[in-house]
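Please read these numbers as outputs of a predicted model, since none were measured by experiment.
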Protein chains: 2
Amino acid sequence: MPTIYDVAKLAQVSAMTVSRTLNTPEKVRPESRAKIEAAIAKLGYRQNQAARALVLQSTGIVKLQMSAGLRGNHLYFSQLFSGITDVLSQHKLAMLVTDHHEHTAACDGKIIMGLTREAQMALTPSKTPKVLFGKGPDCIDWIDVDNERGCRRATERMLSLGHERVGFFTFPSTEPFIKEREAGYLRAMQEAGITVQPNWIVTAMNNSVEAGYSSGRALLNQRAVTAVVCCSDHVAVGLAQAAYDSHVSVPEELSIIGFDGVGQERMGKPILATMRQPVFDIGRWLAKTLVQRIKQVGDAAPQHQMVTPDILLNDSTAPPKAILWRSD
Amino acid sequence: MPTIYDVAKLAQVSAMTVSRTLNTPEKVRPESRAKIEAAIAKLGYRQNQAARALVLQSTGIVKLQMSAGLRGNHLYFSQLFSGITDVLSQHKLAMLVTDHHEHTAACDGKIIMGLTREAQMALTPSKTPKVLFGKGPDCIDWIDVDNERGCRRATERMLSLGHERVGFFTFPSTEPFIKEREAGYLRAMQEAGITVQPNWIVTAMNNSVEAGYSSGRALLNQRAVTAVVCCSDHVAVGLAQAAYDSHVSVPEELSIIGFDGVGQERMGKPILATMRQPVFDIGRWLAKTLVQRIKQVGDAAPQHQMVTPDILLNDSTAPPKAILWRSD
DNA sequence: TTGTAAGCGTTATCAT
DNA sequence: ATGATAACGCTTACAA
């Protein structure tokens with residue numbers, strides 16, 4: 001690999017003039033510049049970014065730290081990626097994807113997600129700025145989805161349609177969002193004065209279509225509810241398929257609403273209602289906020305943002321039928 | 001940020017001993033090591049990766065170069081990501097995602113995809129190793145999907161079920177795979193001695209469910225075919241929805257097979273037949289091959305790999321009904 | 001406008 | 001087992 005000195009020698013100038021041509025071309029005489037550019041082209045010279053990063057104390061890299069497990073929810077994270085890279089590329093920043101605790105590469109800033117709530121709240125400001133997806137301490141920039149409110153709205157939608165026996169379809173997760181969504185459901189039910197029966201809440205094995213399908217079959221066999229609020233579109237899709245195979249028509253006999261709204265709600269028929277998270281915009285916010293921190297010198301007040309999912313009504317909710325779930 | 005010298009001073013050793021503790025701990029006396037580790041912990045010291053990269057001429061970073069447009073096919077690329085990071089993380093390498101022509105960051109190797117066929121064939125070996133997803137020149141490592149064969153198999157499946165009027169549902173793309181798939185369809189039809197009618201081949205606006213739906217309605221209105229081979233699961237899903245809304249039952253009245261098999265074929269009912277690309281494994285192969293090149297000194301022969309998609313039969317294909325598409 | 005010298009933080013080499 | 005010194009390739013600060 002040719003260095004800046006090789007270019008300098010060939011162009012018969014000093015290394016500094018080459019450096020200037022690269023960084024502040026207006027400060028070098030056009031003739032010299034031409035010679036240098038010719039030499040660069042001839043040698044196929046390219047800046048050594050490691051050396052540059054060392055002296056500038058800046059890498060041009062933003063790290064996206066997420067637990068490997070998170071990448072399972074494919075559509076969700078690819079939309080987040082898109083939002084993030086969309087902004088980063090405008091600022092000539094590259095995105096490095098790592099797991100937590102991989103200290104390998106240096107970076108100018110970090111986007112963090114998928115930590116436990118405790119770990120997130122324990123984060124402290126450091127020299128390299130960081131932005132968090134999920135609730136964090138006041139001293140850190142973060143954005144979070146209002147899961148409680150989102151799920152409350154989804155439940156209220158069912159209630160306002162006239163449903164009373166509204167079920168909740170969840171799955172196990174160590175992350176806080178799952179409890180928040182359940183809280184939203186419970187609160188809406190409580191405010192409506194309806195006592196939630198234990199068998200109205202069903203927990204799938206995990207957040208997948210398959211798990212949603214098999215627990216969905218069980219849920220349907222109980223014939224206890226006329227509407228189901230789901231914790232994700234994965235399990236909602238599984239439930240819809242279970243309904244199809246159980247000859248329960250959606251929405252006539254069963255109303256379903258999911259959560260996430262990153263596209264898979266539209267893959268089957270009927271198209272599922274869902275609480276759409278503005279994932280692309282969240283990605284953009286994360287990147288924009290981080291870039292501000294990276295570029296600025298002084299310290300502005302930490303920014304915090306809560307976004308509430310929109311309801312997408314689509315085709316899977318309807319008022320309950322008067323006569324329903326009668327025993328055959 | 002503390003440097004190695006700060007640690008050395010606090011531990012009352014030289015910087016070199018600190019460096020050794022970090023890199024070859026067995027070469028330093030346990031007592032010294034203990035002192036140094038204490039100092040590191042106390043100062044919160046962490047290696048400066050830029051300096052390290054500069055002197056070692058290696059960054060620990062692998063670049064994933066793809067055109068931004070490609071990221072649209074969400075599930076496909078997130079599975080590829082998973083396969084790649086799965087291998088890279090085993091080797092303590094990080095993945096940097098960039099567009100083509102973003103020279104910003106240094107790296108130890110590149111995974112390249114989504115170039116035009118011409119640009120790919122023009123690639124030449126360089127000092128930093130590269131691996132290509134898609135057919136490339138003999139001097140470069142590459143892996144590609146046998147699209148022609150995959151689509152031929154899909155078509156042959158339809159033919160062997162007894163279909164004769166087999167349609168082809170495609171979309172515009174600058175990438176070579178789309179022509180290859182069409183070639184596979186045409187070849188299978190030709191070998192079966194069936195003359196393909198022009199209106200059997202329908203082109204959706206783009207590779208999306210929505211475009212598949214609207215062109216799918218048009219395709220169904222023609223009532224020209226009893227089976228359709230689709231160029232992607234996106235358009236196949238759209239077609240299935242169009243069939244649903246047109247009261248054409250799948251597979252009884254129309255057989256559908258898609259292409260990709262990254263998960264969305266299972267989001268609706270019936271679950272769609274598809275040609276499954278082993279995307280996760282392709283990601284793993286890309287990363288593994290690249291890591292070999294990075295780690296090794298000598299040069300082994302370039303590796304080339306063609307993978308043929310598996311057929312996933314699922315529920316959307318069946319023999320044609322004897323009486324079909326009669327004019328009402 | 002251009003060049004010189006110093007230093008960014010680390011590791012390789014060669015001593016001790 | 002440990003240390004002194006010289007790179008790695010670049011940019012900043014200052015001098016010419």
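Counting any heavy atom pair closer than 4.0 Å across all strands shown, Val55(B) reaches a base atom. If you check every strand for non-hydrogen atoms under 4.0 Å, Leu54(A) touches a base.
Rounded to an integer number of Å, the gap from CD of Gln47(B) to P of dC8(D) is 21 Å. Between the C1' atom of dT11(C) and the CD atom of Gln57(B) lies a distance of 11 Å, rounded to the nearest Å. We find that OH of Tyr45(B) is positioned 10 Å from P of dG9(C), with the value rounded to whole Å. Whole-Å rounding puts the Asn23(A) CG to dT1(C) P distance at 16 Å. Rounded to an integer number of Å, the gap from CE of Met16(B) to C1' of dT10(C) is 9 Å. Protein atom CZ of Arg29(A) is 13 Å distant from nucleotide atom C1' of dG3(C), rounded to whole Å. The CG atom of Asn48(A) sits 17 Å away from the P atom of dG9(C) (whole-angstrom rounding). The separation between Leu22(B) atom CG and dT2(D) atom P is 15 Å, rounded to whole Å.
The side chain of Arg52(B) contributes no N or O atom lying less than 4.0 Å from OP1 or OP2 of dG9(C). The side chain of Thr17(A) places an N or O atom within less than 4.0 Å of a non-bridging phosphate oxygen (OP1 or OP2) of dG3(C). For the OP1/OP2 pair of dG3(C) and a distance below 4.0 Å, the side-chain nitrogens and oxygens of Ser14(A) include at least one atom meeting the criterion. Residue Ser19(B) places at least one side-chain N or O closer than 4.0 Å to OP1 or OP2 of dT11(C).
Around CD of Gln305(A), the count of heavy atoms belonging to other residues, nucleotides or ligands within 6.0 Å exceeds 12.
Sequence order on DNA chain D of the closest nucleotides to Ala50(A) and Ser32(B) puts Ser32(B) first from the 5' end. Of the residues near DNA chain C, Glu26(A) and Ala51(B), the one whose nearest nucleotide (by heavy atom distance) lies more toward the 5' end is Glu26(A).
Checking Ser232(B) against Asp260(B) by side-chain atom types alone, no donor-acceptor pair falls below 3.5 Å. There is no side-chain donor-acceptor pair under 3.5 Å between Asp141(A) and Thr289(A).
Comparing dG3(C), dC10(D), dA4(D) by their closest approach to the side chain of Tyr5(A) singles out dC10(D). The side chain of Ile4(A) approaches dC10(D) more closely than any other nucleotide in the set dT11(C), dT2(D), dC10(D).
Side-chain atoms of Arg20(A) come within donor-acceptor range of the base of dG3(C), with a qualifying N/O pair under 3.5 Å.
When side chains are defined from C-beta on, Leu64(A) counts as touching Phe81(A), because their heavy atoms get closer than 4.5 Å.
No donor-acceptor pair closer than 3.5 Å links the side chain of Gln277(A) to the backbone N or O of Gly261(A).
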